[in-house]
Q: 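Before we start, here is the structure in question, set down as structure tokens.
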Amino acid sequence: MKLVIAEKNIAAQKIAQLLNDAGKPKNDKVYNTAVYRFTVQGEDWVSMGLAGHILAPDFPDEILFDKKQGWYSVTEDGEVLPADVPDGLARPPYSSKRRPYLANGINIKGWKVESLPYLTWAPIVKKPAEKEIIRALKNLAKKSDAVIIATDFDREGELIGSDALDMVREVAPDIPAYRARYSALIKGEVMAAFDNLVELDQNLADAGESRQYIDLIWGAVLTRYLTLARFGGFGNVRSAGRVQTPTLALVVERERERLAFVPEDYWQIRGIGAAQGRSDTEFKISHATARFTDKAAAETAFAHVDGATSGRVTAVAKRSRKQQPPTPFNTTSLQAAAAAEGISPARTMRIAESLYMSGFISYPRVDNTVYPRSLDLAGIVGGLAAGSPALRPVCSKVLAGPMKPTRGKTETTDHPPIHPTGQGNPETLDGGQKKLYMLIARRFLATLMGPATIENTKLSIDVAGEPFTASGDVLVEAGFREAYPYGLKRDEQLPPLVEGDIVDVRDIKLEAKQTEPPARYSQGRLVQEMEKRGLGTKSTRASIIERLYQVRYLKNDPIEPSQLGMAIVDALHDFAPRITTPEMTAELDEDMTKVAEGADTQDHVVDHSRALLAGMLDTLIEHKDDLGEAIADAVTADAKVGTCPKCGKDLVMKTSAKTRGSFIGCMGWPDCDVTYPVPSGVKVSPIEGEGSVCPECGAPRIKCQPFRQKAYEMCVNPKCPTNFEPDLVVGECSVCKEAGRHGDLVAHKSERSGKRFIRCTNYDECGVSYPLPSRGKLSATGEVCEHCGAPVVVVETARGPWRICVNMDCPGKEKKAAAGRGGARKGASAKAGSRATKSASKTSSKTSRTKSATKASAKKPASS
DNA sequence: GCAAGGTC
């Protein structure tokens with residue numbers, strides 16, 4: 001039997017199909033890995049896909065021998081280094097004897113940064129990362145008489161194949177091994193590759209492995225250095241890396257440009273025009289001098305037209321322009337287009353992966369922007385028409401047309417550009433999936449259609465001797481725009497005017513403006529910029545940006561660096577500049593090429609890189625305390641939400657050591673004891689300028705951003721009247737009413753516990769009381785619950801306004817809790833909700849949430 | 001608790 005090892009499942013499947021003597025390959029499983037059995041000239045073959053790299057480089061366990069001690073650990077005898085640092089390269093400038101050792105436990109302060117030189121020179125081993133796949137691979141290898149490495153035809157593919165071969169050799173040391181190199185998963189290519197098998201290119205694999213090692217060493221050393229320079233507690237990693245740090249630097253650089261930007265004043269004269277007596281035809285007019293840089297000139301011109309009520313059309317110019325249809329999607333252009341529709345690149349890739357796995361779209365990680373000839377364009381359009389009623393009309397048009405697909409600049413042959421398969425029913429997709437799928441489907445159709453024609457009309461209008469203009473764009477021929485409306489501007493239709501017509505004008509104003517600084521990056525723009533600068537790959541850019549958000553170097557979208565992000569870039573720029581620029585990647589690529597060509601060796605290149613890093617460590621360690629301080633200051637600045645009304649110091653977000661929960665505390669602690677609770681489940685940020693201080697109580701107001709819901713602002717002080725109305729009457733007591741007396745239901749707040757509740761004024765007699773959510777402004781509705789007759793109130797919770805029946809045991813709660821599981825149910829309801837809701841909310845893991853959601857919706861009656 | 005690169 002011959003074993004074919006591909007990089008991924010889809011390739012293994014395709015190869016089996018293409019090489020098979022006849023018919024379909026047999027799908028099989030080895031342990032949990034899909035394999036494909038087929039025959040080639042009567043001989044039994046089997047193919048299996050890996051999942052990319054199956055081994056991961058790491059430091060040996062001896063260095064991390066105690067998982068608990070992690071980064072602080074060393075070997076028993078204090079020796080980390082094997083004695084195989086090549087001659088001629090600097091050894092660490094200290095001996096193990098000098099190292100401050102861990103007498104009783106861990107001498108963290110002395111040890112942590114001192115240990116970095118050891119790490120720089122530490123050996124690296126490859127550890128199994130995909131144990132299940134390795135198990136299947138070895139199982140098949142034992143039964144095979146030859147293996148053929150058929151991983152992707154690139155550097156990483158060669159490395160993945162080489163790692164796989166190493167695993168094979170562990171169980172079949174002498175098995176013959178070959179390499180098949182194909183650059184497209186099509187019959188001709190694959191057949192030719194298997195007819196002309198070659199040997200694995202170890203140099204190329206070594207080049208890839210060098211990349212792995214250098215990334216790990218630089219990343220681990222600098223990340224540990226930054227993290228430990230001022231340890232911020234677990235979960236506060238300050239990461240650095242060959243790709244992420246230059247990417248962060250791009251954002252910081254843009255922010256610095258904005259900060260350094262000196263706005264220039266300019267003036268505009270603008271107003272409203274309309275066909276005479278036809279205020280329904282209004283359009284914008286502006287002075288022909290779009291921007292006056294001279295204030296006096298602007299004022300002179302404005303003096304002429306101030307109060308003018310009419311003008312005369314002096315010229316009408318029409319000009320039509322064509323907008324060419326877009327090129328096919330590759331990973332980067334899909335990410336950029338989706339980002340413009342509010343889907344982050346990382347989320348785009350997660351959704352695209354799921355669409356790919358369920359057969360809706362083609363392979364999503366591609367550079368190619370040219371459809372291969374073999375792609376059945378008409379067949380896909382037909383499939384789209386059948387599956388999606390919304391696309392049917394435009395599909396018919398495409399099928400009737402000449403269908404000449406556009407071509408992008410990048411042409412590779414590994415995979416076709418991202419396109420819909422035309423299979424599957426889009427109605428079964430969830431919100432995000434459907435949105436992305438439609439984008440991909442519409443883009444595909446657009447690439448097969450003609451240009452759009454936009455007609456521009458420009459009016460020249462004389463108003464009291466001053467030249468004005470008006471401009472309007474109208475889509476006169478939709479072309480591809482019929483399929484692809486994304487980013488299309490709305491028509492600006494001007495009324496049909498001719499030279500000499502009189503137009504009404506009104507509201508001509510002189511506006512003082514300032515030039516704007518360069519715009520911040522959107523996530524889509526940043527992905528494109530990374531590509532331009534050679535940072536990361538199509539498969540990694542999205543996750544690297546996400547990582548920068550996760551470590552809180554970046555915030556918001558358009559992207560802003562945090563103070564921490566800026567401090568990190570500054571620190572590395574000063575002491576390890578190599579990591580902060582795209583040049584490190586460029587130089588690495590040069591080194592990799594040399595290794596691949598055999599002009600240099602892995603050991604030499606990696607050791608050279610280690611030496612470069614080692615050369616920076618003295619300076620880094622020397623400045624450890626300064627840098628630690630800079631990081632701590634930046635973190636405090638990022639955490640600031642306002643100013644303490646009691647002592648004037650900063651109020652910052654803090655984490656309780658005991659409960660791990662967040663709260664807002666004063667930097668003056670322990671001298672100042674001001675603290676505020678933080679709404680749960682929301683992202684809190686300060687409000688700048690106006691509205692930043694509560695006019696009622698002087699505490700800061702904050703902006704709360706709930707997950708995927710509208711942000712709102714509130715005062716942080718829960719006792720503030722803007723958050724709670726004391727002694728609010730929310731309704732009448734039904735128990736008392738039945739007993740023939742009157743009782744008001746009044747909201748109270750316990751002084752001791754801070755808990756809020758509703759109690760009847762005749763509580764001693766009727767015993768009626770209801771609990772309330774602990775936070776959120778309360779207001780009465782005057783309504784009573786249809787299920788139990790208790791009052792209905794509105795609570796402004798962290799996630800927006802929410803109507804509740806105050807009765808915990810209301811029979812209506814059960815149904816609501818079940819029906820609302822999908823997301824309509826608001827956060828605070830768990831606290832004040834029925835007992836059933838309460839117990840359900842305790843299961844907080846994702847899976848159980850999903851499970852109960854499925855269950856609940858299954859139970860949901862069809863009528864609701 | 002580290003990187004970046006594959007892909008699930």
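All values derive from a computational prediction rather than experimental measurement. Numbers restart at 1 for each chain; the letters A, B, ... are given by sequence-line order, proteins then strands.
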Q: Using whole Å, what does the distance between atom P of nucleotide dA4(B) and atom CG of Asp215(A) come to?
A: 6 Å
Q: Expressed in angstrom and rounded to an integer, what is the separation of Leu222(A) atom CG from dA4(B) atom C1'?
A: 14 Å
Q: Considering just the side-chain nitrogens and oxygens of Arg224(A), establish if one lies under 4.0 Å of OP1 or OP2 belonging to dG1(B).
A: no
Q: Using whole Å, what does the distance between atom C1' of nucleotide dT7(B) and atom NZ of Lys8(A) come to?
A: 8 Å
Q: Round to a whole Å and report the spacing from CD1 of Ile217(A) to C1' of dA3(B).
A: 11 Å
Q: Over all strands shown, is Tyr363(A) touching base, sugar-phosphate only, or nothing at heavy-atom distances under 4.0 angstrom?
A: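 Sugar-phosphate only.
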Q: Expressed as a whole number of angstroms, how long is the span from Met584(A):CE to dG5(B):P?
A: 11 Å
Q: Among residues at least two apart in sequence or on other chains, which ones pass salt bridge (charged side-chain N to carboxylate O under 4.0 Å, His left out) with Lys532(A)?
A: Glu529(A)
Q: Is Ser539(A) touching bases, backbone alone, or none of the nucleic acid, heavy atoms closer than 4.0 Å?
A: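 Answer is base: heavy atoms of Ser539(A) come under 4.0 Å of a base.
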Q: Taking 4.0 Å as the cut-off, does a side-chain nitrogen or oxygen of Gln212(A) come that near to OP1 or OP2 on dA3(B)?
A: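 So the side-chain polar atoms of Gln212(A) never come under 4.0 Å of the phosphate oxygens OP1 or OP2 of dA3(B).
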Q: Can you list the residues that meet the side chain to side chain donor-acceptor pair (under 3.5 Å) rule with Thr421(A), with sequence neighbours excluded?
A: none
Q: Indicate every side-chain donor-acceptor pair of residues 3-16 of chain A with a distance under 3.5 Å to a residue at least two apart or in another chain.
A:
residue: Glu7(A); atom: OE1; partner: Asp152(A); partner atom: N; Å: 3.0
residue: Lys8(A); atom: NZ; partner: Asp152(A); partner atom: OD1; Å: 3.2
residue: Lys8(A); atom: NZ; partner: Asp152(A); partner atom: OD2; Å: 2.7
residue: Asn9(A); atom: OD1; partner: Tyr36(A); partner atom: OH; Å: 2.7
residue: Asn9(A); atom: ND2; partner: Tyr36(A); partner atom: OH; Å: 3.3

Q: Find the distance Lys538(A):NZ to dT7(B):C1' and express it as a whole number of Å.
A: 12 Å
Q: According to salt bridge (charged side-chain N to carboxylate O under 4.0 Å, His left out), who are the partners of Arg552(A), at least two apart in sequence or on a separate chain?
A: none
Q: Would you tell me if any nitrogen or oxygen in the side chain of Arg365(A) comes within less than 4.0 Å of OP1 or OP2 on dG6(B)?
A: no
Q: With under 30° as parallel and over 60° as perpendicular, where do the rings of Phe360(A) and Tyr437(A) fit, or are they tilted in between?
A: perpendicular
Q: With a cut-off of less than 4.0 Å, is there a side-chain N or O of Arg211(A) near OP1 or OP2 of dA3(B)?
A: no
Q: How would you list, by chain and number, every residue that makes a salt bridge (charged side-chain N to carboxylate O under 4.0 Å, His left out) with Glu590(A), sequence neighbours excluded?
A: none
Q: Go through residues 151-165 of chain A and report each residue with a non-hydrogen atom lying under 4.0 Å from DNA chain B, sorted by number.
A: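 Those residues are Asp152(A), Glu156(A).
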Q: Report the distance from atom OH of Tyr363(A) to atom OH of Tyr356(A), rounding to the nearest 0.5 Å.
A: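 Here the interatomic distance stands at 6.5 Å.
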Q: Over all strands shown, is Ile544(A) touching base, sugar-phosphate only, or nothing at heavy-atom distances under 4.0 angstrom?
A: sugar-phosphate
Q: What's the CD1-P distance between Ile568(A) and dA3(B), to the nearest Å?
A: 12 Å
Q: Please tell me if Thr537(A) has a side-chain N or O lying less than 4.0 Å from either OP1 or OP2 of dG6(B).
A: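 Yes, because at least one side-chain N or O of Thr537(A) sits under 4.0 Å from OP1 or OP2 of dG6(B).
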Q: Any side-chain N or O of Thr540(A) under 4.0 Å from OP1/OP2 of dG5(B)?
A: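 Affirmative; the distance criterion is met.
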